[in-house]
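What follows is one structure encoded as structure tokens, with my remarks underneath.
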Amino acid sequence: MTTATRHPSAPGSPTGPTGPRTVRVPVDGGELTCGVWGPEDPDAPLVLAVHGITAHHRCWPLVAEALPGHRVVAPDLRGRGRSASLPAPYGLEQHARDLEQVLDHLDVARVGLVGHSMGAFVVLTLAARIGERATGLVLVDGGLPLLAPAGGAPSPTATPDDVLGPAAARLRMTFESHEVYRDFWRDHPAFAHDWSPVVEGYVDYDLEGEAPHLKPSAVVEAVAADAAQLFGGAAYEAAMRAVRVPTTFLRAPRGLMDEPQALYGAGAAERAREWLPQLRDVEVDDVNHYTIVLGPRGAEAVVAATRELPA
């Protein structure tokens with residue numbers, strides 16, 4: 001276990017923008033925590049917004065607050081955030097089952113689906129599962145099968161370190177304060193020009209436990225199990241073929257470390273149209289894989305695409 005430290009005079013309490021109200025929904029093995037923004041009115045259009053592989057629902061404030069007429073429901077997926085204690089199994093089908101239970105619990109008849117990174121794979125799997133309840137999809141730098149690395153996609157017996165590399169190390173670290181964890185993320189290239197109160201709130205929420213032994217909330221085994229399913233395959237291709245609703249793919253031109261090599265190249269959508277012929281491809285200017293939801297330029301594009309979803 002690695003511990004990060006800093007000067008003892010650093011402040012240690014979490015700060016950031018006021019978060020959404022919290023709803024806890026019974027699912028297999030316990031309760032799934034969801035953040036909810038927007039009106040309480042059950043007739044308001046509802047958007048289900050699903051985070052990425054090591055993230056949680058606090059990645060969505062910029063999007064949710066720009067959709068004041070919508071109810072935006074954003075879960076902490078099983079194995080993340082305040083849903084971290086939910087047990088295995090993990091994987092796309094289990095996440096989709098959990099989210100269908102959320103929709104049933106909230107008595108939702110029609111829903112727009114928005115997902116970032118791995119969350120885009122989850123909402124596509126959910127759309128195939130719930131059929132006409134889904135009005136449309138916004139896939140934010142995710143949801144299209146990733147190209148396998150040179151050594152091939154991870155095998156079912158791969159370890160978390162095999163799948164996640166350095167990310168597995170971060171999830172095992174401990175931090176003596178929230179300020180130390182903020183410093184860790186301030187140094188991340190993705191946020192070099194986009195640090196904000198929203199990012200700070202996102203980072204603060206990620207930690208669980210008590211100082212000086214705070215740790216990221218995502219469960220390493222959950223993240224590894226999900227990561228291994230992001231390279232497509234017969235079951236996921238069948239889910240893509242089953243989706244008939246309007247689908248927009250928002251693509252970041254820079255990657256996870258703000259590098260010019262993006263997670264998806266310009267040809268990714270064209271390859272995916274074999275299974276999703278209705279796919280609309282939009283490159284979002286001047287964002288990376290994180291700031292496409294956590295930065296103002298990216299959030300504006302997500303909001304615009306979400307507003308276009310059928311009612």
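Along the sequence shown, residues carry numbers from 1.
- Heavy atoms of other residues, nucleotides or ligands lying less than 6.0 angstrom from CG of D187 number more than 12.
- Ring to ring, H213 and F175 are not that close: their centroids are 6.0 angstrom or more apart.
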Start with the C-alpha gap between L99 and V50, add the side-chain angles, then the distance that decides, and say whether side-chain contact (heavy atoms from CB on, under 4.5 Å) holds. CA-CA 9 Å; L99 298 186; V50 183; 3.7 Å; yes
Quick one: do E210 and K215 satisfy salt bridge (Lys or Arg N to Asp or Glu O under 4.0 Å)? Show the steps, please. CA-CA 9 Å; E210 299 292 334; K215 65 180 291 295; over 6 Å; no
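- With contacts defined as side-chain heavy-atom distances shorter than 4.5 Å, the pair L171/V219 does not qualify.
- Of the possible polar contacts, one joining the H188 side chain to the A190 backbone as a donor-acceptor pair under 3.5 Å is found.
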One pair to check against side-chain contact (heavy atoms from CB on, under 4.5 Å): T125 and V122. What are the steps and the verdict? CA-CA 5 Å; T125 304; V122 174; 5.7 Å; no
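- Salt bridge absent: R254 and E259 never bring a charged side-chain N and a carboxylate O closer than 4.0 Å.
- Listed for the T291 side chain is no donor-acceptor partner under 3.5 Å among the backbone atoms of L294.
- Judged by distance alone, with hydrogens and angles left aside, the side-chain atoms of R78 form a donor-acceptor pair with the main-chain N or O of D28 at under 3.5 Å.
- Taking 4.0 Å as the cut-off between side-chain N and carboxylate O, D76 and R24 do not count as a salt-bridged pair.
- Using a cutoff of 4.0 Å between basic side-chain nitrogens and carboxylate oxygens, R58 and E200 are not scored as salt-bridged.
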One pair to check against side-chain contact (heavy atoms from CB on, under 4.5 Å): W60 and V47. What are the steps and the verdict? CA-CA 11 Å; W60 295 110; V47 173; over 6 Å; no
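- Not one N or O on the side chain of Q229 forms a donor-acceptor pair closer than 3.5 Å with the backbone of E93.
- Looking only at distances, a side-chain donor or acceptor of H116 sits under 3.5 Å from a matching main-chain atom of H289.
- Checking T248 against R280 by side-chain atom types alone, a donor-acceptor pair falls below 3.5 Å.
- With hydrogens and angles ignored, the 3.5 Å screen pairs no side-chain donor or acceptor of S83 with any backbone N or O of G79.
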Apply the test side-chain contact (heavy atoms from CB on, under 4.5 Å) to residues V111 and T135: give CA-CA distance (whole Å), side-chain angles for both, the deciding distance (0.1 Å), then the verdict. CA-CA 6 Å; V111 61; T135 65; over 6 Å; no
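- Note: Y181 and W185 have perpendicular aromatic rings, judged against thresholds of 30 and 60 degrees for the angle between ring planes.
- Under the 4.0 Å criterion applied to side-chain N and carboxylate O atoms, E31 and R82 are not assigned as salt-bridge partners.
- Residues Q94 and D98 have side chains in contact (heavy-atom distance under 4.5 Å, counting atoms from C-beta outward).
- The OG atom of S117 sits 10.0 Å away from atom CD1 of I292, with the distance rounded to the nearest 0.5 Å.
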Would you sort out whether D206 and S217 count as a side chain to side chain donor-acceptor pair (under 3.5 Å), showing the intermediate values? CA-CA 6 Å; D206 192 39; S217 62; 3.3 Å; yes
After noting the C-alpha distance and the side-chain angles of E300 and R297, does the key distance pass the salt bridge (Lys or Arg N to Asp or Glu O under 4.0 Å) rule? CA-CA 5 Å; E300 182 179 355; R297 293 177 299 280; over 6 Å; no
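- The closest donor-acceptor contact from the side chain of Y264 to the backbone of L144 lies under 3.5 Å.
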Derivation and outcome, salt bridge (Lys or Arg N to Asp or Glu O under 4.0 Å), residues R80 and D226: CA-CA 12 Å; R80 285 85 168 171; D226 293 340; 2.7 Å; yes
Steps toward side chain to side chain donor-acceptor pair (under 3.5 Å) verdict (D141, Y290): CA-CA 9 Å; D141 218 34; Y290 285 98; over 6 Å; no
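- D104 is listed as a side-chain neighbour of R133, based on a closest heavy-atom distance under 4.5 Å.
- Between R182 and D204 there is a salt bridge, since at least one side-chain N of the basic residue sits less than 4.0 Å from a carboxylate O of the acidic one.
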